[in-house]
Every structure is written in structure tokens, then in C-alpha cells.
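Side chains included, hydrogens not; waters and symmetry mates left out as well; all remaining heavy atoms used.
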Amino acid sequence: MEEGNNINLSCGDLIALSKEWSDRDVKYARLEMRYGLLVEKLREQEEKLAASEAARNKAEEEVRQLKNINEQQQRDIDFLKTKIADMASSVESPNMDTLQQAIEFLLQKHLLISILQLQTFMQDKVSDVNTALALRALMLECIPEQLQAASLAIINKVMVLPDKPKSASATIDNRKINLYGDNSIYEENPKE
């Protein structure tokens, strides 16, 4: 093969060398292709990592904001609890001026009538149905619309209609007056 400075190659050696170079070229091409795929994969993973990092930062910021909102709401709840406790203590020891103002307001808006006195009046003074119905209509007219449904049961209970009219005749100064339609009678009672 070697003689001095000259290299003698046989045809088989040349084919073997050319095949070896060809195999190396194929391997090199494969390595370059593999390198290209790995570079592309690396770039995709870096993009995914950047997106993941951005999402993590955004989530951390949202958590910080929610934590701040939660702390503010907790402070507001504590403030409202204190305010309600103060209001409850003020209700336990009412302010007489406030009560007086509330009563004056009610009296300006509504006439207050004693149920017991109204019941006694209806029993003692009202004897005919027409007068009783007129008084009941007056009471219903004076009650605000929002309270009429609740007040109707009370009015029916307190303002009972008379069972039967008392005698239609009345005695005034020893005179008897009978008030039945066309047959009205006027009589003077003898002194006893």
C-alpha cells in the first residue's frame, strides 16, 4: 500500500473509504436533522415555560388582590359588628328624645284611638246598625292602605255591630216619642 511518500489505494480500499465517507455524511446529516429537531423542541419548551411563568405571575397577583379584598372585607365586617353592638346597647337604653320624636311623628301621620275605649263606646252608645256601619267605614277610611288588611280583623273584633236595635222610642222630658216610619207617635207621660 505505502511506498515512500505515495499512497497506493486499491479499488476496494477506495470503495471502502467512499462508503465510510458516505456513512459519515449520512450520520452527519442525521445528527444535523436531530439537532434541528432538538433546537425546535427547546424553543417550544421555552415558550411553554414563558407562558407558564406568565400564568403563575398572574395567578400570584390575583391571589394578592383577593387577599387584600378579603382583609378589607374582614375590617368592614368588624366595623359593622361594632356598630351593631353599639346600636343594640342604645336600644337597650332608649333615648327619651328619640322616643318622643317617634311618637310625635306617629301622631302627625295617624290618629291613635284606644281599642278599649272604642269597644266601650260601640257597646254603650251605638244602638242602630246604620250608625255602627258608618263608624266602621270611617275607621277603615282613616287607616292607611298598607295596614287595612291587618286592621280589618281588629275592627271586626272591636266594633261589633249591635244584635238588635234598642227600642225605637225614646223618652225625653216625660214625653214618649215612637220613631217607626209613618206611624210615629208622640205621647206625654203623666207625672208619677
How would you list all residue pairs meeting salt bridge (Lys or Arg N to Asp or Glu O under 4.0 Å) that involve residues 44-53, not counting sequence neighbours?
-> Arg43-Glu47, Glu53-Arg56

Among residues two or more places apart or on two chains, list those pairs meeting salt bridge (Lys or Arg N to Asp or Glu O under 4.0 Å) that have a residue in residues 131-145.
-> none

What one should report as the nearest heavy-atom pair of Ala132 and Leu161 is CB-CD2, 3.5 Å

For [X], which residues count as a side-chain contact (heavy atoms from CB on, under 4.5 Å) partner, sequence neighbours excluded?
X: Glu62; value: Lys58
X: Ser151; value: Ile143, Leu147
X: Ala134; value: none
X: Ile15; value: Cys11

Those residues at least two apart in sequence (or on a different chain) that pass side chain to side chain donor-acceptor pair (under 3.5 Å) with Thr131 are Asp128

Who are the side chain to side chain donor-acceptor pair (under 3.5 Å) partners of Asn70, not counting sequence neighbours?
-> none

Kindly check if the number of other-residue, nucleotide or ligand heavy atoms within 6.0 Å of CD (Glu61) is above 12?
-> yes

Lys125 versus Thr120: any side-chain heavy-atom pair under 4.5 Å?
-> no

Euclidean distance, Phe121 CZ relative to Met159 CE, rounded to 0.5 Å | 8.5 Å

Out of Val158, Leu135, Val160, which one pairs with Met122 under the side chain to side chain contact (heavy atoms under 4.5 Å, CB included) rule?
-> Leu135

Going by chain and number, the hydrophobic cluster around Val39 (ILVMFWY, side chain to side chain under 4.5 Å) further includes Tyr35

Check step by step if side-chain hydrogen bond (donor to acceptor under 3.5 Å, both in side chains) holds for Gln72 and Asn68.
-> CA-CA 6 Å; Gln72 179 62 39; Asn68 290 338; over 6 Å; no

Using a 3.5 Å cut-off and no angle test, enumerate the donor-acceptor pairs between side-chain atoms of residues 77-85 and protein atoms at least two apart in sequence or in another chain.
residue: Asp78; atom: OD1; partner: Gln74; partner atom: NE2; Å: 3.4
residue: Thr82; atom: OG1; partner: Asp78; partner atom: O; Å: 2.9

Any residue meeting salt bridge (Lys or Arg N to Asp or Glu O under 4.0 Å) with Glu20, in chain and number order, not counting sequence neighbours | Arg24

